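Below is one structure, written out as structure tokens; the observations come after it.
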Amino acid sequence: MEDKDDYKFLKIRDAIASINQRLSIIGVILEFGLPRKTKCSDCSCTLKIIDESHQKPGISVNVFTENMDKLPHIASTGDIILLSHVMIKTHNGEVCVVYNKKFSSFALYKGKHGEDFLPYQISPRFCLREQDKKFIAGLRKWMLEFKLDEGSSNFFMLREIKEGVRVNLACKLLHIWEIAQDEWMAFVWDGTDTPPTSICTKLEDEMYNQLPLHLEPLPLSRDILRTFPVVGTILRVIIDHSIQKHILHLLKADTWVKLLNVLCEVNGGLWYGVLTPFTKLRYMSNEDHLLKDCQRIYDARLSLTLGRMPYWSFPRPSLITEVCDEHTVFGTLIDVLTNSKVTNIFNCVVRVVAAFPWRAEDFCSPLGMYRMRLTLEDPTARIHAFVYADDGEKFFDGYPSVDILTRKRNKLLGVAVSNDGKEIKNAHRNPPWMQCCLKSYRIVRNDIWGSRCYRIYGTKLLG
DNA sequence: TTGGGG
């Protein structure tokens, strides 16, 4: 008799009407969170499942087991879970499924592309049965046609993120990298530009504690950078230590994901995300309209003359510079970094986030020649660019007095000044978007890529 | 029982 009861797989719609009953259901995993310890020293994880009868928003399943090993180790959203002897309960008026460690059991199967009916994980009490196959096959068939229609309102594009806020992102995972021992970072992208941040370091910090060019301790290799899109921010996402072993295997480069509850932060004026124990993964198909929107934005930007200008500099960069060469095509800083020619010229719209030396009286060497380093950024990257000799003379319009040079510097770096032109102490900097010409060159003949540098040329700072 | 959201 017991066996027969197990075959009363209820559709989710019918299960919802069976409060306080013990039953079996099978569904597709739409979303799942990371495993955690409960306050009763059990372990738990929550997932959301759907089937043909209940496609949104999905029913929550709370799984409790004695240890982490016994929880379902889901390989991917879109996989199928079969749950036996689970309870239907209500919580705050919402119906959910509770998996009890004493009498429930489960089996996990690959999703719509699964080719066999062998579960990749089963719980101790689970009995494999021939009849399960037709339910799994049915769900797989339904999934092939299924289009998740959830709207975009719950998702933020990278251009909408805010500091200290947790957001849901639909993005492409470009790269996963162990940036230091046991420290992992994901590089994600959606084709849009993160907003410019204000820079809160002091100008003089550039001496001993310079503004970082990137958040990873070592720069990405040129080979990896070259695989990245040339428009849109590549957001660095830190993977919290405590969740590494539960999430790393779920993040695959070159796939799209929906990441729920990603914390957005800024460090050194650079945006980054954090995957925390509260982060969840959600199913995303290749037909998802959010994915199509990202692709459309990217294709449109690539096809436009001004598509490589930062979104935040529209309709035009501030008119603080004049460039000699209006005709060189616009490039983003990742274009500059990954261009196949060591020596080349570029037209860029950037912000100057730091300068070294920072005092106007030190911009020239004791022999009277300009030699300084600017830190340039756009939504795709940061680079150091030198202002050197004749190019400096052009940039600063000759050799003006220290006062005038300081005023020019403040304008260039967005230093806050009071009405009398004095710098306001401890104020953040908001550098304006500036158009400039850049050239790349190498300084060591037998290390052309390793010694590649950048210089501003043909650009005049106005006023 | 626990958690469910953050």
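Atoms considered below: every heavy atom in the structure, side chains included; atoms not considered: hydrogens, waters and symmetry mates. Please read all numbers here as calculations on a predicted model, not as lab measurements. Letters A, B, ... are given to chains in the order of the sequence lines, protein chains preceding strands, and every chain is numbered from 1.
Put simply, OG on A:S53 and CD1 on A:I59 are 9.5 Å apart, with the number rounded to the nearest 0.5 Å.
Among residue pairs with one or both ends in residues 252-266 of chain A, those qualifying as salt bridge (charged side-chain N to carboxylate O under 4.0 Å, His left out) are A:E150-A:K258, A:K172-A:D254, A:K258-A:D288; sequence neighbours excluded.
Between A:A381 and A:I334, the shortest heavy-atom contact is CB-N, 4.3 Å. A:W271 and A:E163 get closest at one heavy-atom pair: CH2-N, 3.4 Å.
Remark: nothing in residues 239-251 of chain A comes within less than 4.0 Å of DNA chain B through any heavy atom. If you check residues 57-66 of chain A against DNA chain B, the residues with a heavy atom closer than 4.0 Å are A:N62, A:F64, listed by number. Applying a 4.0 Å cut-off to non-hydrogen atoms, the residues of residues 31-42 of chain A that approach DNA chain B are A:R36, A:T38, A:K39, A:C40, A:D42, listed by residue number.
For the pair A:R301 and A:Y311, the cation-pi criterion (under 6.0 Å, within 45° of the ring axis) is not fulfilled. A cation-pi geometry, defined here as NZ or CZ lying under 6.0 Å from the six-membered ring centre and within 45° of its normal, does not hold between A:R166 and A:F278.
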Donor-acceptor contacts, no H, no angles, side chain residues 174-189 of chain A, under 3.5 Å, sequence neighbours left out:
unit_1: A:E178; atom_1: OE2; unit_2: A:D182; atom_2: N; d: 2.9
unit_1: A:W189; atom_1: NE1; unit_2: A:V231; atom_2: O; d: 2.8

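Tested against A:V86, the residues A:S105, A:C96, A:S104, A:S24 include a single side chain to side chain contact (heavy atoms under 4.5 Å, CB included) partner, A:S104.
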Start with the C-alpha distance between A:F155 and A:L260, add both sets of side-chain angles, then the distance that settles side-chain contact (heavy atoms from CB on, under 4.5 Å), and finish with yes or no.
CA-CA 8 Å; A:F155 289 85; A:L260 309 186; 3.9 Å; yes
Given side-chain contact (heavy atoms from CB on, under 4.5 Å), test A:V353 with A:R382 step by step and report yes or no.
CA-CA 9 Å; A:V353 289; A:R382 272 187 186 168; 3.9 Å; yes
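No contact: A:K48 has no heavy atom under 4.0 Å from any strand.
Between A:D132 and A:F9 the shortest side-chain heavy-atom distance falls below 4.5 Å.
More than 12 non-hydrogen atoms from other residues, nucleotides or ligands lie less than 6.0 angstrom from CZ of A:R222.
First and last contacts of DNA chain B with chain A, using any nucleotide atom under 4.0 Å from a protein heavy atom and ordered 5' to 3', fall at B:dT1 to B:dG6.
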